[in-house]
Protein chains: 2
Amino acid sequence: MHKTKRQQKILSLIRTRRIGTQQELSAMLERAGFVATQSSISRDLEELGVVKHHGYYTMPRAKEGASARGLLGLDPAGDCLVVAKCEPGMASSVAVEIDRAAIPEIVGTLAGEDTVFIAVLERKAQRAVLKKVLELFG
Amino acid sequence: MHKTKRQQKILSLIRTRRIGTQQELSAMLERAGFVATQSSISRDLEELGVVKHHGYYTMPRAKEGASARGLLGLDPAGDCLVVAKCEPGMASSVAVEIDRAAIPEIVGTLAGEDTVFIAVLERKAQRAVLKKVLELFG
DNA sequence: CGCGGTTATGCGCTCGCTTTGCATAACTGG
DNA sequence: CCAGTTATGCAAAGCGAGCGCATAACCGCG
């Protein structure tokens, strides 16, 4: 799919440059071989959760209070996985807390030492789970 | 989606009545408001993992002996993952048993405390694995 | 307020994947 | 081998994702 690669590129662009408008982004994407209108970019940013801060687009960092309970980061992987990065030794307790929330889109969780794999039903559920888990630990 | 609801209805029908042919099933579905040809029903049954036993369609049950050996539930997640819910502390032994079965569609398993992630090749393999693992613990 | 610049969104089109029906092949029990 | 039942190749219909266009909404600033 074209969209996914484009979004990857968008992330890499906003990480490496200071970008202030969707126009700029569009131009840079085009130079990288991705033709996309401002409409699409707007939707991409929304979907990626990118926000404008101090006039530039950036990826918001995971919540601060969360790490108190062991959660350091939360990322989607593929279509049906969410990976939670935790403080060393905290993965199990993070997993337990997530399990207790009984989020319906979650099929199961698997805790290692500092990482939890969260299996979800499918792509759409993935987004929902990201949101709900962040809320849970927010 | 129409298909999902129809398949739900099929499950409820074969649970409550003795149904011996796809024709009967088709008729009953129609009475319930689902128009579907025998082709579709055949594919639905395949997809649901329904089997014909003693001349009637039934859902193979896992529950009996399974939980004795630690397996509580088995669910697909996305396209290439199956999640096995286990009794606390039993995940490793469940995983070992699955590994020993050497099911070819299984790429690998990963056990936590009460959950096993089973990675499979793709969607079709997923279905097959669900079936085979249920058999294994049936 | 109004204005230019920026971003969000309703609408409709396209495209590709899924689901379906038809016809027919394959299978099964007797 | 036969009648009844189930599986399947194929092409069409259905459906949703992604997109662009046009335009509305928003935002900072004078």
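What's counted below: heavy atoms across the whole structure, side chains too, no hydrogens, waters or symmetry copies. Just so it is clear: chains get the letters A, B, ... in the order the sequence lines come, proteins before strands, and each one is counted from 1.
- For S42(A), counting side-chain heavy atoms from C-beta on, the closest listed nucleotide (dT6(D), dT7(C), dC19(D)) is dT7(C).
- The separation between H53(B) atom NE2 and dT28(C) atom P is 15 Å, rounded to whole Å.
- Distance, H2(A) NE2 to dC17(C) C1': 19 Å, rounded to whole Å.
- A donor-acceptor pair under 3.5 Å links the side-chain atoms of T16(B) to the main chain of S12(B), judged by distance alone.
- Distance from the side chain of Q22(A) is smallest to dT7(C) among dT7(C), dT6(D), dG21(C).
- With hydrogens and angles ignored, the 3.5 Å screen pairs a side-chain donor or acceptor of S93(A) with a backbone N or O of M90(A).
- Here dT20(C) presents its C1' atom at 16 Å from CD of E46(B), a figure rounded to the nearest Å.
- Per the geometry, CG belonging to D44(B) stands 19 Å off P belonging to dT5(D), to the nearest Å.
- Remark on DNA chain C: of its neighbouring residues G20(A) and E47(B), the 5'-side contact belongs to G20(A), judged by nearest-heavy-atom nucleotide.
- When each of dT19(C), dC19(D), dT8(D) is scored by its nearest atom to the side-chain atoms of R43(A), the top-ranked nucleotide is dC19(D).
- Using a 4.0 Å cut-off on heavy atoms, the residues of residues 32-39 of chain B that approach DNA chain D are Q38(B), S39(B), listed by number.
- Within 6.0 Å of atom CD in E24(B), more than 12 heavy atoms from other residues, nucleotides or ligands are found, so the atom counts as buried in its surroundings.
- Between the two ends of the helix from dC1(C)-dG30(D) to dG30(C)-dC1(D), each summarised by a five-pair axis, the helix axis turns through 50° (rounded to 10 degrees).
- The side chain of R6(B) contributes an N or O atom lying less than 4.0 Å from OP1 or OP2 of dT20(C).
- Put simply, the side chain of K52(A) gets close to the backbone of G20(A): a donor and an acceptor are under 3.5 Å apart.
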Q) Could you go step by step and tell me if I41(A) and L29(A) meet the side chain to side chain contact (heavy atoms under 4.5 Å, CB included) rule? A) CA-CA 10 Å; I41(A) 292 174; L29(A) 280 173; 3.9 Å; yes

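- Salt bridge present: K3(B) and E47(B) bring a charged side-chain N and a carboxylate O closer than 4.0 Å.
- Within the 3.5 Å criterion, the main-chain N or O of T109(A) finds a donor-acceptor partner in the side chain of T115(B).
- Residue-environment remark: CZ (F117(A)) stays at or below the threshold of 12 foreign heavy atoms within 6.0 Å.
- Using a cutoff of 4.0 Å between basic side-chain nitrogens and carboxylate oxygens, R6(A) and D44(A) are scored as salt-bridged.
- A sub-4.0 Å separation between OP1 or OP2 of dT5(D) and a side-chain N or O of Y57(B) is absent.
- Contact annotation: K52(B) reaches the phosphate of dT6(D) (side-chain N/O to OP1 or OP2, under 4.0 Å).
- Distance, K3(A) NZ to dG20(D) P: 12 Å, rounded to whole Å.
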